[in-house]
Protein chains: 2
Amino acid sequence: MYQLDDTDRRLLLELDQDPRMTVLLLAQRTGLARGTVQARLERYRTEGVLRLGSTMVPPAALGYGLHATVSAELDQHQLDEAVEALRRIPEVLECHAPAGDIDLLCHVVARDPDDLYRVAEEIRLCPGITRTSTSVYLREVIGYRVRPLLRHGGGPRARTRRAPVR
Amino acid sequence: MYQLDDTDRRLLLELDQDPRMTVLLLAQRTGLARGTVQARLERYRTEGVLRLGSTMVPPAALGYGLHATVSAELDQHQLDEAVEALRRIPEVLECHAPAGDIDLLCHVVARDPDDLYRVAEEIRLCPGITRTSTSVYLREVIGYRVRPLLRHGGGPRARTRRAPVR
DNA sequence: GAGGCCTTGATCATATCGATCAGTCTTACA
DNA sequence: TGTAAGACTGATCGATATGATCAAGGCCTC
């Protein structure tokens with residue numbers, strides 16, 4: 001994967017505040033030449049550095065005020081099918097496969113408790129999933145963010161130069 | 001919180017593919033008038049609908065290839081201090097307070113296992129946190145996403161009209 | 001020391017931007 | 001049922017940013 005250098009981080013930090021910031025303004029704020037900024041932006045597009053889904057919408061603004069984790073045990077032979085099915089459930093925001101006895105951890109949202117029950121059911125019915133357990137989040141203490149990583153992350157181990165692309 | 005209507009969703013879906021898409025192009029793709037699109041975009045900015053942190057950078061592109069959950073038990077009296085301290089750790093991407101015996105669940109990233117150990121230690125040293133337990137993610141099955149919610153979420157219960165703003 | 005890559009700073013014609021206006025439509029409310 | 005408020009439209013304007021392109025300079029690897 002394309003590794004971001006310090007120039008990228010500065011650019012992305014600015015973009016993070018306003019993704020639609022003008023190239024000219026970006027150049028000023030980062031102290032780079034306009035052409036450079038343009039080239040980087042172009043590269044982000046072509047290389048797909050920025051994830052599809054670059055627009056962060058808080059789920060609550062869509063009416064999804066309830067967060068929860070659904071942990072699922074599954075038949076290991078059907079992992080791919082299960083994942084494929086989960087991917088089709090919009091309320092599943094994230095899903096991870098942890099080391100340990102639980103096989104999949106899904107971060108889901110729902111409109112209300114009833115809706116959460118429905119979502120949990122949908123997950124339980126995914127192929128290969130044998131059992132689920134739901135844990136409601138009382139509070140979203142820190143919402144998903146990458147910004148601090150851009151700003152402070154790295155430090156001593158930071159690269160000054162981008163690693164070879166290919 | 002500002003509730004997004006169907007027009008917003010269409011706009012945001014387009015923006016999601018390319019946050020820097022031209023207003024003119026947005027207007028064409030959504031079938032709206034240019035002025036309307038401009039007004040909405042302006043509103044997103046002023047009302048802060050789009051989260052700060054609108055640029056989604058995959059942590060792996062910053063060198064953080066390891067994902068994990070750190071669950072923490074804490075002295076309930078010091079919740080605020082703990083959260084404040086966690087917020088200062090860049091590697092903490094998200095944090096939730098679930099109902100149940102574990103008090104905080106943090107989604108963290110790290111460069112490698114050693115680095116993860118360091119991050120877990122930092123969390124353990126936060127004020128009020130009495131005990132932590134780390135669970136490594138073998139695989140990020142579904143990365144954080146909101147797009148499907150924009151596209152399919154809602155359905156029968158979708159609002160056709162934005163709820164009163166104030 | 002040569003070649004490659006990235007950056008810079010400049011230019012150009014074109015397209016977009018933000019602001020503004022009057023007119024129409026919808027919804028909410030009396 | 002009529003009126004008022006708000007949202008969307010379609011149009012205009014000048015100012016500005018855009019994308020493309022170029023030659024030149026810097027830094028790296030080989």
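Residue numbers begin at 1 in each chain, while the letters A, B, ... track the order of the sequences. FYI, side chains are in, hydrogens and waters are out, and symmetry mates aren't considered; it's all heavy atoms of this structure.
The nearest whole Å value for the distance from the CZ atom in B/Arg40 to the C1' atom in D/dT9 is 13 Å. For the pair B/Met21 CE and C/dA15 P, the computed distance is 19 Å after rounding to whole Å.
Side-chain proximity of A/Thr22 to the nucleotides D/dA17, C/dT16, D/dA7 is greatest for D/dA17. Of the candidate nucleotides D/dC8, C/dT7, C/dC17, C/dC17 has the atom nearest to the side chain of A/Arg20.
In this structure, the side-chain contact (heavy atoms from CB on, under 4.5 Å) partners of A/Ser71, at least two apart in sequence or on a different chain, are A/Ile102, A/Leu105, A/Ser133. For B/Leu25, the side-chain contact (heavy atoms from CB on, under 4.5 Å) test picks out B/Met21, B/Thr22, B/Gln28, B/Arg29, with sequence neighbours left out. Annotation: ring pair (Phe, Tyr, Trp, His ring centres under 6.0 Å) contacts of B/Tyr137 (sequence neighbours excluded): A/His96, B/His107. Considering only residues two or more places apart in sequence or on other chains, A/Glu42 meets the side chain to side chain donor-acceptor pair (under 3.5 Å) condition with none of them. Contacts of A/Arg20 classified as side-chain contact (heavy atoms from CB on, under 4.5 Å), with partners at least two apart in sequence or in another chain: A/Asp18, B/Leu15, B/Val23, B/Leu26, B/Leu41. A search for side chain to side chain donor-acceptor pair (under 3.5 Å) contacts involving A/Arg88 returns nothing, not counting sequence neighbours.
Taking side-chain N and O atoms only, A/Arg43 has a distance below 4.0 Å to OP1 or OP2 of C/dC6.
A heavy atom closer than 4.0 Å to some atom of DNA chain D occurs in A/Val23, A/Leu24, these being the qualifying members of residues 23-33 of chain A.
The hydrophobic cluster of B/Leu138 has no other members, since no ILVMFWY side-chain heavy atom comes under 4.5 Å of it. A/Leu66 belongs to a hydrophobic cluster whose other members, connected by ILVMFWY side-chain contacts under 4.5 Å either directly or through intermediates, are A/Val70, A/Leu74, A/Leu79, A/Val83, A/Leu86, A/Ile89, A/Val92, A/Leu104, A/Val108, A/Leu116, A/Val119, A/Ile123, A/Ile129, A/Val136, B/Val141, B/Ile142.
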Chi angles and distances behind the side chain to side chain donor-acceptor pair (under 3.5 Å) call for B/Tyr64, B/Asp115: CA-CA 9 Å; B/Tyr64 294 85; B/Asp115 196 39; 5.5 Å; no
Please produce a list of atom pairs where a protein N or O lies less than 3.5 Å from an N or O of nucleotides 19-21 of chain C.
from, atom 1, to, atom 2, distance (Å)
C/dA19, N6, B/Arg34, NH2, 3.3

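Taking five base pairs at each end of the helix from C/dG1-D/dC30 to C/dA30-D/dT1, the local helix axes there meet at an angle of 60°, rounded to 10°.
Listed by first and then second residue, the salt bridge (Lys or Arg N to Asp or Glu O under 4.0 Å) pairs that reach into residues 126-149 of chain B are B/Asp16-B/Arg147, B/Glu73-B/Arg131, sequence neighbours excluded.
With respect to the salt-bridge test (charged N to carboxylate O, under 4.0 angstrom), the residues B/Asp112 and B/Arg118 do not qualify.
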